[in-house]
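For reference, positions follow the sequence shown, starting with 1.
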Amino acid sequence: MHPIHTLSSTLFFSALALISNSAAANSQLADNTPKITALSNATLMVEPGEIVNNATLLIENNKIKSIITDNKVPNDAYVIDMTGKVIYPGFIDPYTDYAIEFKYEAEKVEPPVYEIKRIGGNAENGAVHAEKEWFNYIYPDKKSADTWLNNGFTSVQTGLLDGIFRGRATSVSLAQLKTNDIIYNSRSSHLLAFDKGSSIQDYPSSLMGSIALIRQTLSDAKWYKENVDKNKDKGIDKALEFNIAFERLKNSDKENFLFATRDLNSELRAANLLNEFKLKGSLLGNGQEYARVDEIKASGFSLVLPLNFPAAPDVKNDNMERQTSLAQLRHWERAPTNPMALAQAKIPFAFTQHGIDNKVFWPRLKQAVNAGLSKQDALAALTTQAAEIAGISEFTGQLKPGFMADLVIANGDLFEQGKIVSLYLQGEEMQLEPRDKQWLTNTYQISLGELNLDLTINSGDKLTGTLSSGEQEIKLSGLDYQQRRLLFTADLTDAGYPGINRFTLWFDEQGIHGRMLDKDNVQHLLAGVPIESETRAAESDEKQPKTLVSQLTRPNVAYGLSQQAAIEKLHIKNATIWTSSEQGILNNSDLLISRGRIEKIGQNLSTPSGYTVIDATGKHLTAGIIDEHSHIALNGGTNEGTDAVTSEVRIGDVLNPDDIAIYRALAGGVTTAQILHGSANPIGGQAQVIQMRWGDSAQALKFDGAPPSIKFALGENVKQTHWGDNFTRRFPQSRMGVQSVFENAFNEAIAYDKAQKAYDDLSNSQKRRQVAPRPNLRLDAINQVLTGERHVHVHSYVQSEILMYLRLAKAYGFNAGTFTHILEGYKVAPEMAEQGVYASTFSDWWAYKFEVYDAIPQNTCLLNKHGVVTSINSDDYEMQRRLNQEAAKSVMYCDMSEIDAWNMVTINPAKQLGIETVTGSIESGKQADIVLWDSSPLSVYAKVDSTWVNGRRYFDRQQDNAMRDKVAAERAALIQAVLSSDAPAVPGELPRENLEPQWHCDTHYNAWGQNSDAVFKEAH
């Protein structure tokens, strides 16, 4: 070997040995002696509801060793006097994105995007990131940590808040240590949301699409868990593909979720979805839980609550005031009471800084306490409850032996005037205010001769202070503070010491002492003691909430109900009854209802005991109007138009019980409606039949007895005629292609069902060697159509497509269902009648787009003449209230009989929805869905007096008139409350603008939009 090489090698290994020896030496020299710190003479907030006064908290290394109440502090402890201080457990924020060193790569692509790259076994959808475990991307960030530390937070649960399945959060300390030392729980909650975030993939574009994706993904994860181990069997027919997202979710039934939503309705949807899969966890709140607190409690989930109190509405200008809803005014007043309402309902919750400026956190929290939240519940929301949600309750959130020494040191009650002066993070102190300066936080009473004065120092950016006695106050000048010594001057002429006097004061544990030099340079000795601070304020009586001006109704909007409508026992006498049955119209007749059902119909009936009598002389009584085609009362989009087939999405997932359209429908005599998916694709989403139970929950709106149904569509909309130049790649692009979509979907559903049945027929040993068919919620719904379990309502216009669909349904052996719109139905009425299908149409809409140029107002009569069960629908917010007049138009246009005309909005749509045995006519035993009119319901002058659903009166004109006065009075009172209110210590949040439109069949809406702002367009 070359000598130079030999020398180089020798030097290298010598150096390596030297480094190794040095490292070993440094390791041996490290001080491993236990470090014991005693924080003495403090008030300890051990846990919410447990306070120990004048005690010592003993810390050993990074944990709490013990609580000492007899002042017997170990000799080797480093003692810090905490007289006048309150020690809290470190606060925990369970919903953050702290210190995540990762961002998804932004791809520049032109929409639409139907598929994404499959990299590393990832999921098929770009919003599913369940594989991410965020402890892998943590790196402590001092600047970011300060936003929490300054408010007393010592640990957080964190993860990247992007996507629907967002990955597994991690709970970490905010200490600036190496990453390995700050991770408290590497795998805490699975993060979940409806907002797809930065995903470039079009699907899902709607709220119901997001819910469907979550439902499918969780079903897939369960299937994956049940089948993945079969890959180990060498005799397996076909191996299961690896999917890291499903792998991470396969044990989710034993793990926690934290579900983020934007509003109260979606918060409840999230709860329903988690409960559907029997999953545990918490919900991110929105500040409006007080409006449906009973539903929140029934869900069984804890909450993470932002203190996002709204700014006072601008009502100084009457133009702006008119744009402010009663609901906004109510929320302004009630938002600070939301935490109190949850605490009173015994719903566990934690606070988060998410969504607000960290500087407003404590002012908002104090606002909540002033509004009635107890200090004990407030502390629990910062400590024990937060620790539970973050998955670290076994060692954080309390001042108990063995718990982490994560502490908050305050100079008083933080829920009053106390201020955080320092923190302990894993046993190491972080002073937010130099301890030397903490002497200035007390108010002192000093004795100067026979004069007693109160000394107050304010240590902001610049020292200021006063000497006071009673109501007299003297400002101090020239203040200077260094190392427990305070210098200042003051003019005490009014106190008997004329001229400018110079003070020198020293601070210690006993108080203050020092001297004053008067104008003649004569020295006067003085001393003082701290005025008793409010360190025990947490034990004092809680504040009583102020009386509120606003009403709390269901829903919490104008015309909401203060209590649920009661089931009535009624005897309606002397009415003209439109039965919508073979009995036709009965003059001067009576009706008895009880227990939500029609009991008896006849003339001169006796009034049973306990029944209320309504004299309906000169009035008309009908069955409630039924709307076969509506888009009211939903959130987040009426279309999931990102694919040609989206039968997995469900309108029933996105019902909006707060929609004023429900109340207005009742005022128009409508009791039942089918809420349909839009017409953006050939096979759309599952529909939902609802009843107008104003004031009830979204779940209670659903008509349980109605058969399931689905929206299909033909024509211009589904082939994307008006969607723009970019939408030319998705099949179908022609009317011919629509038939192919149906055939492909039906064939796939048949094959899927066959595979499911074949697997079910296998023996247990055979099942262990074969992967089960993957669940497919999209094909499940289509298969229900083919087997007749799910009714079809087909958006249609042109006769050629109507005939195509009739032949297709016949070929696949299912009932074609109801053609909705069907403006060329008159051309194919005999063919429709022969196949037993139904028609639901408009009275006189025509020429609003190319495919309706041949529409005629005689359509209803011609369909009816050929025996096609025909109804009139609204497909419109405003028209729904006037369906009685829409029905009457057929009497005018084509001499339809009044009975047949009225049946088009009662029993006929009931038949189309499969609920004719329950409602749609006035017959004994049927549900009491009835309407009392002041004149013939086919008159343009007719007005509804009362509307009952299930025997409950949800609309009454007299009550409505009274409510108008109440709404006006409440509104005026709230405006006065806003105008007379003091400006809050910090400004409120600007209300989030509701960009949702009034929905129509062809509303194209992106629920998540650019930067998560909803955008929409109409494609008329």
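Using a 4.5 Å cut-off on side-chain heavy atoms (C-beta onward), D81 and V79 make no contact. Q176 has its side chain out of reach of E428: every pair of non-hydrogen atoms, C-beta onward, lies at least 4.5 Å apart. Taking 4.5 Å as the limit, every side-chain heavy atom of Q157 sits out of range of all side-chain heavy atoms of T170. Within the 4.5 Å cutoff, the side chain of V408 has no heavy atoms near those of the L382 side chain. Side-chain contact between Y444 and L505: absent, with no pair of heavy atoms (C-beta onward) separated by less than 4.5 Å. The shortest side-chain heavy-atom distance between L283 and T261 does not fall under the 4.5 Å cut-off. Side-chain atoms of H513 and W506, non-hydrogen and from C-beta on, do get closer than 4.5 Å to each other. Counting only heavy atoms from C-beta outward, the side chains of L399 and V52 never approach each other to under 4.5 Å.
The number of heavy atoms from other shown groups lying within 6.0 Å of CD (Q431) is above 12. Surrounding NZ of K366 are more than 12 heavy atoms belonging to other residues, nucleotides or ligands, all under 6.0 Å away. By the 6.0 Å contact criterion, CD on Q482 is open, its count of non-hydrogen atoms from other residues, nucleotides or ligands being 12 or less. The neighbour count for E101 CD, taken as heavy atoms of other residues, nucleotides or ligands under 6.0 Å away, is above 12.
Contact check on R187 versus E255 returns no salt bridge, with no Lys/Arg side-chain nitrogen under 4.0 Å from an Asp/Glu carboxylate oxygen.
Listed by chain and residue number, nothing satisfies the side chain to side chain donor-acceptor pair (under 3.5 Å) test with T37 (two or more places apart in sequence, or in another chain). Partners of E267 by side chain to side chain donor-acceptor pair (under 3.5 Å), not counting sequence neighbours, listed by chain and number: N286. Taking K65 as the reference, E60 meet the side chain to side chain donor-acceptor pair (under 3.5 Å) condition, with sequence neighbours excluded. For D480, the salt bridge (Lys or Arg N to Asp or Glu O under 4.0 Å) criterion is met by no residue, not counting sequence neighbours. Every residue was checked against the ring pair (Phe, Tyr, Trp, His ring centres under 6.0 Å) condition with F309, not counting sequence neighbours, and none meets it. Remark: F301 engages no residue in a ring pair (Phe, Tyr, Trp, His ring centres under 6.0 Å) (not counting sequence neighbours). With sequence neighbours left out, the ring pair (Phe, Tyr, Trp, His ring centres under 6.0 Å) criterion links W134 to F102, Y137. Residues that satisfy the side chain to side chain contact (heavy atoms under 4.5 Å, CB included) test with P74, not counting sequence neighbours, are L58, I68, D76, A77. Under the side chain to side chain donor-acceptor pair (under 3.5 Å) criterion, N151 pairs with Q353, sequence neighbours left out.
Using cut-offs of 30° and 60° for the angle between ring planes, the F91 and F153 rings count as perpendicular.
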Start with the C-alpha distance between E289 and L305, add both sets of side-chain angles, then the distance that settles side chain to side chain contact (heavy atoms under 4.5 Å, CB included), and finish with yes or no. CA-CA 10 Å; E289 287 76 14; L305 210 60; 3.6 Å; yes
Would L455 and L476 count as a side chain to side chain contact (heavy atoms under 4.5 Å, CB included) here? Give the steps. CA-CA 10 Å; L455 172 65; L476 311 183; 3.7 Å; yes
For side chain to side chain contact (heavy atoms under 4.5 Å, CB included), just list the numbers for K63 and M404, CA-CA rounded to whole Å, side-chain angles, deciding distance to a tenth of an Å, and then say yes or no. CA-CA 4 Å; K63 292 194 174 182; M404 294 300 294; 4.0 Å; yes
Could you go step by step and tell me if M516 and L492 meet the side chain to side chain contact (heavy atoms under 4.5 Å, CB included) rule? CA-CA 11 Å; M516 180 190 81; L492 299 186; 3.8 Å; yes
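Between the CG atom in L258 and the NE2 atom in H190 there is a gap of 11.5 Å [rounded to 0.5 Å]. Note that CG of N452 is 11.5 Å distant from OG of S468, once rounded to the nearest 0.5 Å. With rounding to the nearest 0.5 angstrom, the CG atom of L303 is 12.5 Å from the OG1 atom of T352. Note that the CD atom of E133 and the CZ atom of R168 stand 7.0 Å from one another [nearest 0.5 Å]. A distance of 10.0 Å separates OG1 of T466 from CG of L453, quoted to the nearest 0.5 Å. Note that the OG atom of S447 and the CG atom of L525 stand 12.0 Å from one another [nearest 0.5 Å].
Using a 3.5 Å distance cut-off with no hydrogens or angles, the side chains of S282 and S302 do pair a donor with an acceptor.
In terms of heavy-atom proximity, D508 sits nearest to R484 at CA-NH1, 4.0 Å. Scanning all heavy atoms of the two residues, the minimum distance from A175 to P140 falls at O-CB, 4.5 Å. Between P336 and P339 the shortest heavy-atom distance is O-CD, 3.5 Å. Between I138 and Y98, the shortest heavy-atom distance links the atoms CD1-O, 3.8 Å. Nearest heavy-atom pair, S155 versus I392, reported as atom, atom and distance to 0.1 Å: OG-CD1, 3.9 Å. In terms of heavy-atom proximity, Y424 sits nearest to I80 at OH-CD1, 3.4 Å.
One N or O on the side chain of Q426 and one on the backbone of D181 form a donor-acceptor pair closer than 3.5 Å. Here the side chain of D141 pairs no donor or acceptor atom with the backbone of A99 at under 3.5 angstrom. Without hydrogens or angle criteria, Y88 side chain to L414 main chain gives a donor-acceptor distance under 3.5 Å. A donor-acceptor pair is defined here as one N or O able to donate and one able to accept, closer than 3.5 Å; no such pair exists between the side chain of D377 and the backbone of L373. No donor-acceptor pair closer than 3.5 Å links the side chain of T154 to the backbone N or O of L425. Here the side chain of N61 pairs a donor or acceptor atom with the backbone of K35 at under 3.5 angstrom.
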Identify each donor-acceptor pair in which a side-chain atom of residues 340-350 lies under 3.5 Å from a protein atom, sequence neighbours left out, and give them as a table.
none

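Pairs passing the salt bridge (Lys or Arg N to Asp or Glu O under 4.0 Å) check and including a residue from residues 43-59, sequence neighbours excluded, read E47-K400. Residues in residues 385-414 take part in these ring pair (Phe, Tyr, Trp, His ring centres under 6.0 Å) pairs, two or more places apart or across chains: Y184-F395.
Among I64, V46, T384, the single residue meeting the side-chain contact (heavy atoms from CB on, under 4.5 Å) criterion with Q398 is T384. Evaluated for a ring pair (Phe, Tyr, Trp, His ring centres under 6.0 Å) with H354, the options W148, F361, Y95 yield exactly one hit, Y95.
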